[in-house]
Amino acid sequence: MHVTGTVPPPAPEPRETPAAPDHTTPAHPAPGNGRHARRFGLPVATALVMGNIIGGGIFLLPASVAPFGTISLLAFGVLTVGAIALALVFGRLAARDPRTGGPYVYARGAFGDFAGFLAAWAYWITTWVSNAALAVAAVGYLDVLIPVNDHRWTACLAALVVQWLPALANFAGTRWVGAVQLVSTVLKFAPLLLVAVGGLFFFDADNLGPFNASGSGGIGAVSAAAAILLFSYLGVESAAVSAGEVEDPRRTVGRATVIGTAGAALVYLLGTLSVFGTVAHDRLVTSDAPFSDAVNAMFGGAWGGWAVALAALVSMTGCLNGWTLLSAQTPYAAARDGLFPAAFARKRRGVPTTGVGVTVVLASLLTVYNYTSGSAKVFEVLVLVTTFTATVPYLLATAAQIFHLVSGQGEKVDRARLVRDGIAASVAAAFSLWLVAGAGYAAVYQGVLFLFAGVLVYAVMAARRRRAETSNAP
């Protein structure tokens with residue numbers, strides 16, 4: 001949506017620790033200073049979106065949805081429509097308010113502090129739980145190259161290393177984050193396209209298995225498969241969350257979001273279809289590295305599987321690199337507004353270092369817990385919890401877009417695009433609600449507990465703000 005008004009330029013920001021946050025108006029973070037901080041152009045912003053979406057997900061998706069049968073491909077199609085609708089919504093919102101924070105900024109601008117905090121809190125939970133999930137998933141492909149899964153603590157150590165290497169790149173500054181993201185996105189596409197396109201020439205319909213293997217009705221199977229698949233679509237908001245570090249964010253964020261989401265969706269659909277047609281269904285259900293199995297089935301031997309496993313590790317490392325940055329950006333924006341602890345507002349070399357450090361520690365603790373519990377089902381529930389918590393900022397951001405469209409704020413709404421934007425927002429809202437239902441009772445229950453814990457944090461932060469305002473009053 002075109003914005004007819006103007007937005008004041010970002011306020012200057014100190015190199016290390018920012019001044020006390022302004023609690024009355026949203027902060028306008030600027031990019032960090034120094035040679036290690038650099039704004040992202042359209043190629044890097046698009047790579048950030050695609051790299052965060054196509055991370056561990058593409059390499060695990062076929063095995064994750066195989067128990068539902070080929071009906072999961074229908075869920076893929078529905079999910080893609082919803083993801084692109086979300087991409088359009090984020091692009092319009094970023095054109096209106098191009099600041100770091102994404103859903104947090106949009107929700108707070110439309111509905112106030114509490115809605116903004118809820119979006120920031122839920123998104124933060126989503127990011128560090130997702131990081132733990134990606135790290136554990138990466139170990140499955142590392143095991144193809146170096147046997148690590150035979151011993152629980154060896155696998156745990158490998159997962160921790162996979163998490164901390166991208167964190168170190170983030171500590172080095174946004175210049176390194178962008179470089180790692182661009183290189184990892186380029187390197188992983190060769191093997192992905194090999195399977196996605198080449199696999200169609202080895203396609204065997206006998207490998208597909210039953211259409212609906214879930215044992216439930218068609219709608220229930222599609223919803224359940226979509227809840228699993230959403231984990232692999234997380235990242236559609238990446239450019240919006242990092243808008244403050246993007247060049248010309250009003251134009252670049254929307255373009256990068258739509259291009260990155262559409263490109264990721266195409267690779268996902270072709271890749272999953274190819275794996276379904278090259279690996280027998282009964283084997284695919286139990287596979288820890290389905291793309292490696294697909295390449296081995298296509299060409300024989302193990303060399304192809306090793307190459308894909310290496311590409312998967314590069315992909316997941318790049319994805320963790322981007323997600324680590326995102327995990328710190330939303331708390332940073334909220335801390336600048338006094339809604340998160342002030343420590344999260346510290347920046348060095350363009351990166352919120354406290355947010356990066358806290359996130360990687362929490363994700364590491366969750367990873368250790370996953371391995372010590374000895375139960376894969378615990379981790380599956382956590383993935384579904386991530387699905388639920390992700391829908392909270394998505395739904396709040398979509399509601400903010402609907403608010404602007406319905407409220408008749410002429411200076412914020414392009415009348416010529418009103419119908420198109422209204423349809424996209426409606427589809428995105430219905431999509432988000434559908435995913436909440438598909439996550440299941442256990443995931444919603446545990447996700448609500450996470451959210452309620454955030455309400456207590458908000459109460460403490462709001463009380464501190466009130467006390468500071470009272471003490472500063474004349």
Side-chain angles (χ1 to χ4, degrees), residues 21 26-27 29 48 52 55 90 99-108 113-135 163 166-167 170 230-231 234-245 319-347 351-367 382-397 432 443 446-462:
L48 185 66
N52 284 355
F90 280 120
R99 292 175 295 153
T100 293
Y104 158 74
V105 171
Y106 313 142
R108 184 172 185 255
D113 287 349
F114 182 69
F117 172 83
L118 202 61
W121 180 262
Y123 190 75
W124 184 52
I125 292 171
T126 300
T127 54
W128 58 264
V129 175
S130 296
N131 283 0
L134 284 171
Q163 288 179 56
N170 273 263
L230 176 66
F231 176 75
L234 297 180
V236 64
E237 72 293 336
S238 300
V241 172
S242 297
E245 281 65 55
C319 186
L320 279 165
N321 175 67
W323 271 109
T324 300
L325 176 63
L326 293 189
S327 68
Q329 294 286 26
T330 298
Y332 165 78
R336 294 277 293 178
D337 295 331
L339 299 180
F340 256 58
F344 284 90
R346 297 194 182 103
K347 255 191 176 184
V351 174
T353 51
T354 299
V356 169
V358 172
T359 294
V360 73
V361 168
L362 288 174
S364 298
L365 292 174
L366 184 58
T367 301
L382 288 174
V383 169
L384 289 174
V385 169
T386 303
T387 299
F388 169 72
T389 56
T391 61
V392 175
Y394 288 174
L395 188 58
L396 285 170
S432 298
Q446 296 191 36
V448 168
L449 291 179
F450 276 121
L451 294 181
F452 280 3
V455 172
L456 300 178
V457 175
Y458 176 80
V460 173
M461 297 306 300

Q: Would you please name every residue forming a side-chain hydrogen bond (donor to acceptor under 3.5 Å, both in side chains) with Y106, sequence neighbours left out?
A: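 None.
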
Q: Heavy atoms, side chains only, cut-off 4.5 Å: are V457 and F117 in contact?
A: yes

Q: M461 and G338: which non-hydrogen atoms are nearest, and at how many Å?
A: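 Shortest heavy-atom contact: CE-O, 3.7 Å.
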
Q: Are any of the side-chain heavy atoms of Y394 and E237 separated by less than 4.5 Å?
A: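 Yes, their side chains come closer than 4.5 Å.
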
Q: Answer yes or no: is there a side-chain heavy-atom contact under 4.5 Å between D337 and Y104?
A: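 They are in side-chain contact.
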
Q: Taking the side chain as every heavy atom from C-beta outward, state whether T354 and K347 have any atom pair closer than 4.5 Å.
A: no

Q: Are any non-hydrogen side-chain atoms of T359 and T324 less than 4.5 angstrom apart?
A: no

Q: With a 4.5 Å heavy-atom cut-off, do V105 and R99 have their side chains touching?
A: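 Yes, at least one pair of side-chain atoms sits under 4.5 Å.
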
Q: What are the two closest heavy atoms between L396 and A115, and how far apart are they?
A: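 In this case the closest contact between L396 and A115 is CD1-O, 3.6 Å.
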
Q: With sequence neighbours left out, what residues match S364 under side-chain contact (heavy atoms from CB on, under 4.5 Å)?
A: L160, Q163, W164, V360

Q: Would you name the heavy atoms of A119 and P103 that are closest together and state the gap between them?
A: CB-O, 4.0 Å

Q: Would you check if Y123 and P331 make a side-chain contact, meaning some heavy-atom pair closer than 4.5 Å?
A: no

Q: Among residues at least two apart in sequence or on other chains, which ones pass side-chain contact (heavy atoms from CB on, under 4.5 Å) with A328?
A: P352, V356

Q: Once ring pair (Phe, Tyr, Trp, His ring centres under 6.0 Å) is applied, do any residues pair with F344, and if so which ones, sequence neighbours excluded?
A: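 Only W124, F340 meet the ring pair (Phe, Tyr, Trp, His ring centres under 6.0 Å) criterion with F344.
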
Q: In Å and rounded to the nearest 0.5 Å, what is the CG to CG distance from L395 to L118?
A: 10.5 Å

Q: Give me the atom names and distance for the closest heavy-atom approach of L339 to D113.
A: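 Closest approach of L339 to D113, heavy atoms only: CD1-O, 3.7 Å.
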
Q: Can you list the residues that meet the side-chain contact (heavy atoms from CB on, under 4.5 Å) rule with A462, with sequence neighbours excluded?
A: Y458

Q: Atom CG of L456 and atom CG of L451: how far apart are they, to the nearest 0.5 Å?
A: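 L456 CG to L451 CG: 11.5 Å, rounded to 0.5 Å.
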
Q: Give the minimum heavy-atom separation between A132 and A363, together with the two atoms involved.
A: CB-O, 3.7 Å

Q: Rounded to the nearest 0.5 Å, what separation is found between the CG atom of L320 and the OG atom of S327?
A: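 Between L320 CG and S327 OG, I get 10.0 Å after rounding to 0.5 Å.
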
Q: Who passes side-chain hydrogen bond (donor to acceptor under 3.5 Å, both in side chains) against T126, sequence neighbours left out?
A: T389

Q: Please examine the side chains of F114 and V455, heavy atoms only from C-beta on, and report whether any two atoms are closer than 4.5 Å.
A: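 A side-chain contact exists here, since the closest heavy-atom pair is under 4.5 Å.
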
Q: Verify side-chain contact (heavy atoms from CB on, under 4.5 Å) between W128 and L365, making sure each step is shown before the conclusion.
A: CA-CA 10 Å; W128 58 264; L365 292 174; over 6 Å; no

Q: Evaluate side-chain contact (heavy atoms from CB on, under 4.5 Å) for V448 paired with F452, printing each intermediate quantity in order.
A: CA-CA 6 Å; V448 168; F452 280 3; 3.7 Å; yes

